[in-house]
Structures are given as structure tokens and as C-alpha cells.
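Here's the structure, in C-alpha cells; my notes come after.
Note that ligands are numbered from 1 as they come in the structure, with each ligand's atoms numbered from 1 the same way.
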Amino acid sequence: MTLKSTLDRAHPVAEQPLNHAGVDRTSIGKLVREFYAKVRQHQRLGPIFAREITGDWEPHLEKMTDFWCSVILKSGDYHGRPVPAHLKLKDVTEADFEIWLALFRQTAAELFAPETAAVFVDRAERIATSLKLAMFFRLAPSATAGGQ
Ligand code: HEM
């Protein structure tokens, strides 16, 4: 499952770049940095990220800025694969996604006008749903084998 196929299926108009005032790589970079500052301080999520990102955070923050610029501005900057990156996180639960989304909603509301924040949150919720499906649910063998 690629990010593009996920978004195409979830939301046909997702291919349009968002054209809201004040939404550019600079403001998206600020969102990413302030969001991960909250994540790193959180008592449950902080240690999960600290185990995975042991050195310099800068490459992760740049990658996540590329990711959000691709999602929101259709910049094409991100070429990674989110699903495998999360499948290897064995101690993450569905409840952790609620914490992640709450921190993301809070950060978006602090930085953007409500209608702009709502677009970021909508995309985050859709992608979180795709990641949760990949991480916590398995298709029945008949479905994967092409059965009815
Ligand atoms: C509880 C929820 C989540 C946890 C604990 C989590 C944790 C992580 C960690 C530890 C990494 C770094 C993996 C690595 O570098 O090896 C990562 C990467 C990433 N995460 Fe999450 N994540 C969560 C939810 C989300 C959500 C909801 C999104 C999108 C809306 C997202 C998007 C990404 C992306 C794009 C990457 C980079 C993947 C790559 O290309 O390497 N994550 N996440």
C-alpha cells in the first residue's frame, strides 16, 4: 500500500494542492517540529520514539517535513514507505494512535486557522486509519488468495 494509493482511494480530491494562505514549507516545517517536540515529551510516546530514533533527530524532522509537504502541497518531496516503518514497531497499540492524533490536532490548531488545521487533521486521521489497518488487522487467507 503506497501513500499515494491510500490517499487516492480515501479521497479523490486529495490530488489538489492545498492553497490556503500561510501554508508553505516553512509553516509545515514549524508544525512538524512543534508536533515532535510534544511527542518527545509525552510519557507514553516519547520513549517509543526515543528507542527508534537514537541519534540526530534532524533527518527524521526533514523527512516528516517532506512527507507533509507531499500530502498537503503535492510537492512530491517524500519517497518513503510509511507502512513498513510502522509494522516494525511491535509495542505500539491502537490507543497510541489516539494520543498521536490528539497531539497533532493540538499542534495544528495552535499554528493554523481552523479551516486549514482541519485539512491537516483530516489527512492525518485518514493515514492513521490506513496504518492501523496495516498494523492491527489481517485479511482472511481467502481474501489474500483472491477468493470471494
Ligand atoms: C502512535 C502512532 C505512531 C507512532 C508511535 C509512530 C512512530 C514512528 C517512528 C518511530 C518512526 C521512525 C521509524 C524509523 O525511522 O525507522 C515513524 C516514521 C514515520 N511516521 Fe510514524 N508513528 C505513528 C503514527 C504516524 C501517523 C499517524 C503518520 C501519518 C499521518 C505517521 C507518519 C510517519 C512517516 C511518514 C514516517 C517516515 C517513514 C519512512 O519513510 O521511513 N506516523 N513513525
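A salt bridge links Lys132 to Glu98: at least one charged side-chain nitrogen sits closer than 4.0 Å to a carboxylate oxygen.
The shortest N or O to N or O distance between Lys63 and ligand 1 is below 3.5 Å. On a distance-only criterion, Asp96 and ligand 1 share no N/O pair closer than 3.5 Å.
The protein heavy-atom contact nearest to atom 36 (C) of ligand 1 is Met64 SD, 3.5 Å. Protein heavy atom nearest atom 6 (C) of ligand 1, with residue, atom name and distance: Phe49 CZ, 3.3 Å. Taking atom 16 (O) of ligand 1 as the reference point, the nearest protein heavy-atom neighbour is Lys88 NZ, 2.8 Å.
Across all their heavy atoms, Phe97 and Ala128 have their closest contact at CD2-CB, 3.9 Å.
Of the candidates Tyr78, Phe67, Phe120, the one placing a heavy atom closest to atom 38 (C) of ligand 1 is Tyr78.
In this view, Glu58 and Arg33 satisfy the side-chain hydrogen bond (donor to acceptor under 3.5 Å, both in side chains) rule, not counting sequence neighbours.
Counting only protein N, O or S atoms closer than 2.8 Å to atom 21 (Fe) of ligand 1 gives 1.
A distance of 9.0 Å separates CD in Glu62 from SG in Cys69, rounded to the nearest 0.5 Å.
Relative ring orientation between Tyr78 and Phe67 is described as perpendicular, the plane-to-plane angle rising above 60° on a 0-90° scale split at 30° and 60°. Below 30°, between 30° and 60°, or above 60°: for His60 and Tyr36 the angle between ring planes is above 60°, a perpendicular geometry.
In this structure, Arg123 does not count as a contact residue of ligand 1, since none of its heavy atoms falls inside 4.0 Å of the ligand.
Remark: aromatic rings of Trp100 and Phe49 are distant, center separation not under 6.0 Å.
Within 6.0 Å of atom CD in Gln43, 12 or fewer heavy atoms from other residues, nucleotides or ligands are found, so the atom counts as exposed in its surroundings.
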